[in-house]
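In what follows, a structure is listed as structure tokens, so that the remarks can point back to it.
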There are 2 protein chains.
Amino acid sequence: MLDAAVLVFSRRGFHHANMDEIAELSGVSKPMVYAYLGTKEELFIACLRRESARLVSGLAAAADPTLPPDQQLWRGLKGFFEFVGAHRDGWSVLYRQARTQQPFSAEISRMREAVVEVITDRLDGALRQEGRQVKPDDLTAMALTLVGASESLADWLADHPDEDPGRTATRLMNAVWLGADQLMRGSTWRPPTP
Amino acid sequence: MLDAAVLVFSRRGFHHANMDEIAELSGVSKPMVYAYLGTKEELFIACLRRESARLVSGLAAAADPTLPPDQQLWRGLKGFFEFVGAHRDGWSVLYRQARTQQPFSAEISRMREAVVEVITDRLDGALRQEGRQVKPDDLTAMALTLVGASESLADWLADHPDEDPGRTATRLMNAVWLGADQLMRGSTWRPPTP
DNA sequence: CTGGAAACTTACTCGTGCGTAACATTACGG
DNA sequence: CCGTAATGTTACGCACGAGTAAGTTTCCAG
């Protein structure tokens, strides 16, 4: 039933989705949807929570803070893109819809900020270990760069069923780890062969 | 009048914006808005076109293809963030709203794709000059990384009035040009002193 | 069988807001 | 002055879709 909702929301968007369609696709009638999941907003929030829980748990499992920085980054990216690849509809609902729509932006912002904060912390830790210290805003900007780039490639991945999530992760890893300068000189980052 | 529309759309979002409010803010009555700009959708498209024209012209002026790659990138980013800083409302309308909403996503996608294509071409050119050739998908991924990161930082910039656009551009330049590896080792990219 | 509770559906109400028809006001040429 | 055209405004029609009241079927206890 939530699956039906996610599907419809991702296809139509929150506003253009109507409850009748969700009900029909779930194979029940509208008042049942209201009985079980409540109003349209509550239903959407329910979808949101489920998808974001899936994503966050996937990420948490992937990036072990005891690993070296590049490994953390690699695993985090891989976990993320694998999630998106496996839940394309969920990704759509989570981001494309929710980030803009007024009643939910707060919810989604919180989640995004949590991710940014985790990345910021890891960056900070890695840099301290190198004996360096960076201003908070610089750290935030780096984390936002990473998150934004990931979202952008995630959208692309969601629209290209043939693209392999691991490959997408490698592409991004190349870009953010090595940087354009290194890339132009022919350097390449390769995933570890496990 | 378009200004009023952009303001309302950016504040409320397309769906929550109602024509009465736009009319009131423009200082005319609703039928006048219809007479001059047509339906709500047409009005939104009009806003979209104007904002995107501003942005694209700003970008085109900034990144001269005869410059060396890092200079192109630097100027492009600087131009972009200066645009966002100067037209926060416009940025909101252009991206936060339009990218998701069904009837406009096509329009905005086209524009975004145009930007991605320009970047792809420049990258390709720069790489060829180094005697290297890269698969189209890799080029696209690099361009998408850059665009996604820019959008992410643009959102941040739009929400932080104190942040200087040039500074934001420098932050991103550091991240994408040098890469995390170099950054962790203490390298820094600095803007040219004109 | 039958009473009635649980599970579900049909068919409605009602608010909202886009778009417009009908009415008012100003400008101006004769 | 007065007709009439340009430029507005007020007040409404109407569709759409969220949420619900009233009716219907299913299921089981006695």
Side-chain angles (χ1 to χ4, degrees), chain A residues 1-52 89-90 92-108, chain B residues 1-51 89-90 92-94 96-108:
Chain A
M1 191 147 155
L2 268 179
D3 294 326
V6 169
L7 190 66
V8 173
F9 280 135
S10 73
R11 279 223 273 258
R12 309 253 183 262
F14 177 75
H15 273 283
H16 289 77
N18 63 40
M19 295 298 270
D20 298 86
E21 187 176 354
I22 293 172
E24 193 180 357
L25 200 76
S26 322
V28 297
S29 66
K30 199 164 48 152
M32 285 299 94
V33 178
Y34 279 88
Y36 288 125
L37 281 318
T39 72
K40 190 182 184 184
E41 276 197 18
E42 286 165 354
L43 172 57
F44 192 82
I45 296 263
C47 294
L48 218 64
R49 294 247 165 86
R50 194 183 61 165
E51 297 305 319
S52 88
D89 294 333
S92 249
V93 169
L94 212 54
Y95 266 89
R96 290 192 163 129
Q97 302 305 324
R99 267 193 72 198
T100 61
Q101 240 68 33
Q102 297 285 345
F104 317 112
S105 55
E107 179 101 14
I108 216 70
Chain B
M1 191 149 156
L2 268 179
D3 293 328
V6 169
L7 190 66
V8 172
F9 279 136
S10 73
R11 279 224 273 258
R12 309 252 182 262
F14 177 75
H15 273 282
H16 290 76
N18 62 41
M19 295 297 270
D20 300 85
E21 185 175 358
I22 293 172
E24 194 180 358
L25 199 75
S26 321
V28 296
S29 67
K30 198 164 47 150
M32 285 299 94
V33 179
Y34 278 89
Y36 288 125
L37 281 319
T39 72
K40 188 182 184 183
E41 275 196 18
E42 287 164 354
L43 172 57
F44 191 81
I45 297 261
C47 295
L48 218 63
R49 293 246 166 86
R50 193 183 63 165
E51 297 306 319
D89 293 334
S92 249
V93 169
L94 213 54
R96 288 192 166 130
Q97 303 305 324
R99 267 193 71 198
T100 61
Q101 240 71 31
Q102 297 286 343
F104 316 111
S105 54
E107 180 100 11
I108 217 69

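Note that the structure is predicted; figures quoted are calculated from it, not measured. Chain letters run A, B, ... following the sequence lines, proteins first and then strands; every chain starts at 1.
- Judged by distance alone with a 3.5 Å cut-off, no donor-acceptor contact links the side chain of B/K40 to the base of C/dG17.
- A/M19 comes within contact range of the sugar-phosphate backbone alone, with a heavy-atom separation under 4.0 Å but no base atom that close.
- For A/D20 and D/dA18, the CG to P distance is 7 Å, given to the nearest whole Å.
- Checking D/dT9, C/dT9, D/dG19 against every side-chain atom of A/K30, the shortest atom distance belongs to D/dG19.
- Across the protein-nucleic acid pair, A/I22 atom CD1 and D/dG17 atom C1' stand 12 Å apart, rounded to whole Å.
- Summarising the local packing, CD of B/E24 is surrounded by 12 or fewer heavy atoms from other residues, nucleotides or ligands at distances under 6.0 Å.
- Proximity of A/Y36 to the phosphate of C/dA7: no side-chain N or O atom is located under 4.0 Å from OP1 or OP2.
- B/K40 forms a cation-pi arrangement with B/F14, by the criterion of a distance under 6.0 Å to the ring centre and an angle within 45° of the ring axis.
- The distance between atom OH of B/Y34 and atom P of C/dT20, rounded to the nearest whole Å, is 8 Å.
- Put simply, the side chain of A/E107 never gets that close to the backbone of A/F104: no donor and acceptor are under 3.5 Å apart.
- Between the side chain of B/E21 and the backbone N or O of B/N18 there is no donor-acceptor pair closer than 3.5 Å.
- Nearest approach of A/G90 to A/E51, heavy atoms of both residues: CA-OE1, 3.4 Å.
- At a threshold of 4.0 angstrom between heavy atoms, the contacts of B/A23 with the nucleic acid are absent.
- B/L37 places its CG atom 15 Å from the C1' atom of C/dG19, with the value rounded to the nearest Å.
- Counting to the nearest Å, the C1' atom of D/dA18 and the CZ atom of A/F9 are 12 Å from each other.
- Rounded to whole angstrom, the span from the CD atom of B/E41 across to the P atom of C/dG17 amounts to 17 Å.
- The B/M32 side chain lies nearest to D/dT9 when the options are C/dT9, C/dG17, D/dT9.
- Following rounding to the nearest Å, B/H16 (NE2) and C/dG15 (P) show an atom-to-atom distance of 18 Å.
- Computed from coordinates, the B/E24 CD to D/dT9 C1' distance equals 14 Å when rounded to whole Å.
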